[in-house]
> 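One structure is given below, represented as structure tokens, and several questions about it will come after.
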Amino acid sequence: QVQLVESGGGSVQPGGSLRLSCVASGFIFSFNVMGWYRQAPGKLREWVATIGVADSTNYAESVKGRFTISRDNAKNTVYLQMNDLKVEDTGVYYCNVRKDGDYWGQGTQVTVSS
């Protein structure tokens with residue numbers, strides 16, 4: 001019953017911004033840690049950011065200071081605000097919850113190019 005639906009991806013120039021959203025259903029959202037991952041073409045999926053039950057956050061070094069993860073428990077939604085985007089940020093971004101195993105959304109494409 002777990003469902004994660006990402007949105008907000010698009011194409012931007014270097015230095016631009018995007019805000020990704022992930023709407024969750026099928027579990028008690030506020031009781032679970034949520035995360036964002038990304039996968040560039042030909043590469044493994046990598047962890048980007050995590051937000052805990054009490055809103056604690058952790059970030060990959062590559063995005064620290066540029067990306068912000070947040071959550072709105074009333075809307076069952078986790079966000080990823082991405083600023084100062086770089087070409088190397090290009091990839092498919094996935095929402096994640098580790099509950100009874102890992103669950104993933106369908107992904108949303110982010111393309112950063114000049």
> How close do Q39 and K43 get, counting heavy atoms only, and between which atoms?
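Residues Q39 and K43, closest heavy atoms: NE2-O, 3.0 Å.
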> Assert yes or no for the condition that the ring centre distance of W36 to F67 is strictly below 6.0 Å.
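Here the rings of F67 and W36 have centres that are no less than 6.0 Å from each other.
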> Mind checking the CG-OG spacing from N58 to S56? Nearest 0.5 Å is all I need.
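If I round to the nearest 0.5 Å, the distance is 6.0 Å.
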> Out of V92, L20, L80, V12, which one pairs with V110 under the side-chain contact (heavy atoms from CB on, under 4.5 Å) rule?
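Testing V110 for a side-chain contact (heavy atoms from CB on, under 4.5 Å) against V92, L20, L80, V12 leaves exactly one candidate, L20.
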> Can you measure from CG (L85) to OG (S113) and round to the nearest 0.5 angstrom?
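Reported to 0.5 Å precision, the distance equals 11.0 Å.
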> Examine distances only and state if a side-chain atom of T111 and a backbone atom of S11 form a donor-acceptor pair shorter than 3.5 Å.
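Not at all, since once roles are kept as given, no pair shorter than 3.5 Å links the two residues.
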> Find out if a path of hydrophobic residues (ILVMFWY) with successive side-chain heavy-atom gaps under 4.5 Å connects Y94 to V48.
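Y94 and V48: separate clusters.
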> Strictly by modelled atom types, are S17 and N83 linked by a side-chain donor-acceptor pair under 3.5 Å?
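On atom types as modelled, these side chains qualify, holding a pair under 3.5 Å.
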> Give me each pair satisfying salt bridge (charged side-chain N to carboxylate O under 4.0 Å, His left out) with a member in residues 99-114, each pair once, sequence neighbours excluded.
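Output for this query is empty, none listed.
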> In sequence, state the C-alpha distance, the side-chain angles, and the governing distance for Q13 and S114, and then conclude on side chain to side chain contact (heavy atoms under 4.5 Å, CB included).
CA-CA 5 Å; Q13 294 183 356; S114 59; 5.8 Å; no
> Supply the atom-to-atom distance S30 OG to D72 CG, rounded to the nearest 0.5 angstrom.
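Output value for this atom pair is 11.5 Å.
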> Is V53 reachable from V78 through a run of I, L, V, M, F, W or Y residues, each pair having side-chain heavy atoms under 4.5 Å apart?
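No: no chain of side-chain contacts under 4.5 Å links V78 to V53.
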> Are any side-chain N or O atoms of N32 and backbone N or O atoms of I28, one a donor and one an acceptor, separated by less than 3.5 Å?
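Yes: the side chain of N32 pairs with the backbone of I28.
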> Hydrophobic clustering (ILVMFWY, side-chain heavy atoms < 4.5 Å, transitive) - are V23 and M34 grouped together?
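No; tracing contacts between hydrophobic side chains, which count when under 4.5 Å, never links both residues.
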> Does the Lys NZ or Arg CZ of R71 fall within the cation-pi geometry relative to Y79 - under 6.0 Å from the ring centre and within 45° of the axis?
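Not flagged: R71 not positioned over aromatic ring of Y79.
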> Do the non-hydrogen side-chain atoms of R66 and D89 ever get within less than 4.5 Å of each other?
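Yes, side chains in contact.
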> Are any non-hydrogen side-chain atoms of L18 and Q81 less than 4.5 angstrom apart?
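When only atoms from C-beta onward are counted, Q81 and L18 do not touch, as no gap falls below 4.5 Å.
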> Does either side chain, that of R38 or that of Y93, offer a donor lying less than 3.5 Å from an acceptor on the other one?
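Present: a donor and an acceptor within the cut-off.
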> Could you measure the distance from the OG atom of S62 to the CD atom of E46? Nearest 0.5 Å is fine.
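Taking OG in S62 and CD in E46, the distance rounds to 5.5 Å.
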> Using modelled atom types and a 3.5 Å cut-off, is there a donor and acceptor pairing between side-chain atoms of T90 and backbone atoms of V112?
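It does hold such a pair.
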> Should we count CD of E88 as having more than 12 external heavy atoms under 6.0 Å?
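More than 12 within 6.0 Å, yes.
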> Cluster question for you: counting only ILVMFWY and a side-chain heavy-atom cut-off of under 4.5 Å, with indirect links fine, are Y103 and F29 together?
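Linked within one cluster.
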> Tell me if a side-chain donor or acceptor on E6 pairs with a main-chain N or O of Q106 at a distance below 3.5 Å.
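It does hold such a pair.
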> Determine, stepwise, if the pair L4 / V97 fulfils side chain to side chain contact (heavy atoms under 4.5 Å, CB included).
CA-CA 9 Å; L4 304 169; V97 58; 4.0 Å; yes
> Nearest 0.5 angstrom please: R19 CZ to T68 OG1, how far?
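Here the rounded value is 10.5 Å.
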